[in-house]
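Okay, structure first, notes after.
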2 protein chains.
Amino acid sequence: MSPRLQRAPGVTIGDIAAAAQVSRSTVSRAFTRPQLLSPETVDHVRAVAARLGYVGNQAARALSTGRFGNIAVVVPDIANPFFPPLVRSLQSAAETADLAVFLGDSDESAEREAKLIARLAPQVEGFVLASPRLSEQLIRELAATRPVVLVNRDLDGIPRVLIDSTGGMTEAVMLLKKLGHERIAYLAGPRDSWSDQQRREVLTSAASGLTVEVIEVGRPSYAAGRDSVSALVRSGATAAIAFDDVVSQGVLAGLELRGISVPGDFSLVGCDDTLAALTTPALTSVSAGASTAGTAAAQLLIRLMEDADDAGECMTIATHLVTRATTATAPKGALT
Amino acid sequence: MSPRLQRAPGVTIGDIAAAAQVSRSTVSRAFTRPQLLSPETVDHVRAVAARLGYVGNQAARALSTGRFGNIAVVVPDIANPFFPPLVRSLQSAAETADLAVFLGDSDESAEREAKLIARLAPQVEGFVLASPRLSEQLIRELAATRPVVLVNRDLDGIPRVLIDSTGGMTEAVMLLKKLGHERIAYLAGPRDSWSDQQRREVLTSAASGLTVEVIEVGRPSYAAGRDSVSALVRSGATAAIAFDDVVSQGVLAGLELRGISVPGDFSLVGCDDTLAALTTPALTSVSAGASTAGTAAAQLLIRLMEDADDAGECMTIATHLVTRATTATAPKGALT
DNA sequence: TTGAAAGCGCTAACAT
DNA sequence: ATGTTAGCGCTTTCAA
């Protein structure tokens, strides 16, 4: 095993110990527990280490401590505009705590998600699973092993951050009612998504006095949204709330294609506020605070890694409606 | 050191060796070099390992081999829609090669980029730096240490993947000329971006017969795009090419605000094709193939990690113009 | 084809 | 306050 190529220069603790005339433990302590050493020793050792360009070997440290200083965030699709802000703020918070972040993209597949987790688990002290597609059982098994924080998945006893659509959705319904709509549609997302389930519920319960048609869209995409417009028109609805902004944009395109103008003839509301502010016309959307969720998830995970007693905690992030062009006017013929 | 908590269940090679009645070396070989063992032994050992739920300890492996099986991708802003598809395809390609991916977001700061790299370096065998803001010197120093692949940064001698805007930009200029424009504007991006530099050059050289006004936008954002419209109008241009789709959307909003309709009164072209297909109206855009770049970068890096002799290789990804609604008609009064 | 044993670089009991 | 020492779990030479 000796004659093995070392890619890195390879300054070890031993080298420093020799150069600084102290034992290896002293060198180690100078970095990990300087309180135990006299200040002069610490300074001396650190100076020598710096001079030699010492860089701690993570593998050795991890092997010895069982701690890597790494976490992983797994998302179903990083290209879905909901996740980048979440990942971004998560990584930023992790960086502050000196944690490095692995990213896994499961491509909306529970199986790939499981594989990714298995691959990452041995070098990771904690997981953030955003909108996981994994089965409850597998998640619970993982959570028994190490700290896990869920985002937008509601599993009792497992720490989680939930973006609560109730507020925003209710506001959206109110607005549509006020605009004079009597029959609205919900363009639903994937059934295994917690967010979708929650939105369905809110909508069917909060829509007092309104008729709500649920239209299944499947995997939320621009194309799927556009293609759902025929069903939307058939439903007789004069307004719609879409599962997310991408679908909403697709619907917008499909409506224009048929000469139905928004908001003149039809009112449209998206969710998550991802694209909404970036488009022309700007979309009315239920603001999701994905970035807030990312920070919250990171902080929750960090607390969990410090003392594993916070288990089961659930943070809720409220939403609200952001009104923009697509609900600017009442639909034609509506009784305002 | 014995009485240390082991968070993971901790099935080790030793456990398997005991259960399978073989030596630990045999177990190790069953995974790393099965050719050296009899097929039956391999099967047997692997079966036992699977039954016990064995998961190799990366730290120990890395400590022994010097290899982690990790790479890192560093981006200036994962929330910028150009990067998620790139990261996504990169991670997918890495997964195929059984590599785990660290994600770093530098927040457009060279300093944070350097810190991230330093933090990640000791557990990573290679880097993909996408649109790095880092100084040339620091990049070269890093590249001397370990395999590095650049995306959209052109440093001689360092392997890189460049998205070449020439094709798409030239097509865009041609189209605008054909539509009857005589004076067009380029809404420029950040000067330290290689992509922006390249686009400026192409535009000023390819625009034979056209006048090109360059309007500085700064950090590319929706708001910056919208705010640049006053300068755009002042310039007297009847068409514009924006540094990216986000800026393009902002410009669109600014134009509508002034009652200038697109494409009726004005023609607009974006770059990167990130938002372009997802909005209404759909944007004409120079398609960037960020996803292709991600795959290419991963494969290049993997080749580099296998034999470090491919250094200096440069892959170029061509672009083309995708024509959509925002250049659908000639501007009013233009001579078609 | 397999086993025995050394050691990768670090940390943390234990001893001083 | 510092040194001594025994591993962490794995790979790999060397010997059989």
Side-chain angles (χ1 to χ4, degrees), chain A residues 1-46 48-49 52-69 121-123 125, chain B residues 1-46 48-49 52-69 121-123 125:
Chain A
M1 280 271 341
S2 317
R4 211 176 308 125
L5 302 196
Q6 197 69 25
R7 220 186 276 266
V11 179
T12 77
I13 271 200
D15 300 332
I16 300 170
Q21 308 268 41
V22 294
S23 76
R24 299 193 325 218
S25 2
T26 300
V27 177
S28 175
R29 284 193 270 253
F31 290 105
T32 53
R33 315 169 69 158
Q35 331 84 322
L36 299 183
L37 260 40
S38 81
E40 307 89 63
T41 318
V42 173
D43 289 349
H44 178 215
V45 170
R46 287 194 175 168
V48 173
L52 265 48
Y54 170 72
V55 181
N57 179 319
Q58 288 288 333
R61 199 191 314 279
L63 181 55
S64 189
T65 60
R67 225 168 283 120
F68 277 87
Q123 2 182 16
E125 286 168 77
Chain B
M1 282 269 341
S2 316
R4 211 177 306 127
L5 301 197
Q6 197 68 25
R7 219 184 276 265
V11 180
T12 76
I13 271 199
D15 301 332
I16 300 170
Q21 307 268 43
V22 294
S23 76
R24 300 198 315 227
S25 359
T26 300
V27 177
S28 175
R29 283 192 270 253
F31 290 104
T32 52
R33 314 167 70 154
Q35 331 85 319
L36 298 183
L37 260 41
S38 79
E40 307 89 62
T41 318
V42 173
D43 290 348
H44 178 214
V45 169
R46 287 192 174 168
V48 173
L52 264 47
Y54 170 72
V55 182
N57 178 319
Q58 288 291 330
R61 199 193 313 281
L63 182 55
S64 192
T65 60
R67 227 166 282 121
F68 274 89
Q123 6 183 11
E125 284 166 77

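Residue numbering restarts at 1 for every chain, and letters A, B, ... go by the order of the sequence lines. As a basis for the values below, the full set of heavy atoms in this structure was taken, side chains included, without hydrogen atoms, waters or symmetry mates.
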In Å, rounded to the nearest 0.5 Å, how long is the span from CZ of B:Arg33 to OG of B:Ser25?
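Going from CZ on B:Arg33 over to OG on B:Ser25, the span is 12.0 Å.
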Rounded to the nearest 0.5 Å, how far does CG of A:Asn57 lie from CD of B:Gln123?
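It is 9.5 Å, given to the nearest 0.5 Å.
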Under 4.0 Å between a side-chain N or O of [X] and OP1 or OP2 of [N]?
| X | N | answer |
| --- | --- | --- |
| A:Ser38 | D:dT2 | yes |
| A:Thr65 | C:dT11 | no |
| A:Thr41 | D:dT2 | yes |
| A:Thr32 | C:dT11 | no |
| A:Ser23 | D:dG3 | yes |

What is the separation between atom [atom1] on [X] and atom [atom2] on [N], rounded to the nearest whole Å?
| X | N | atom1 | atom2 | value |
| --- | --- | --- | --- | --- |
| A:Gln58 | C:dC10 | CD | P | 10 Å |
| A:Leu36 | C:dC14 | CG | P | 15 Å |
| A:Asn57 | D:dC8 | CG | P | 18 Å |

First of B:Ala59 and B:Arg29 reached from the 5' end of DNA chain D, by closest nucleotide
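Nearest-nucleotide comparison on DNA chain D picks B:Ala59.
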Please tell me if the side chains of B:Asp15 and B:Thr12 come closer than 4.5 Å, counting only heavy atoms from C-beta onward.
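A side-chain contact under 4.5 Å exists here.
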Check if the side chain of A:Ser25 and the base of D:dT4 share a donor-acceptor pair of N or O atoms closer than 3.5 Å.
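Side chain to base: pair present.
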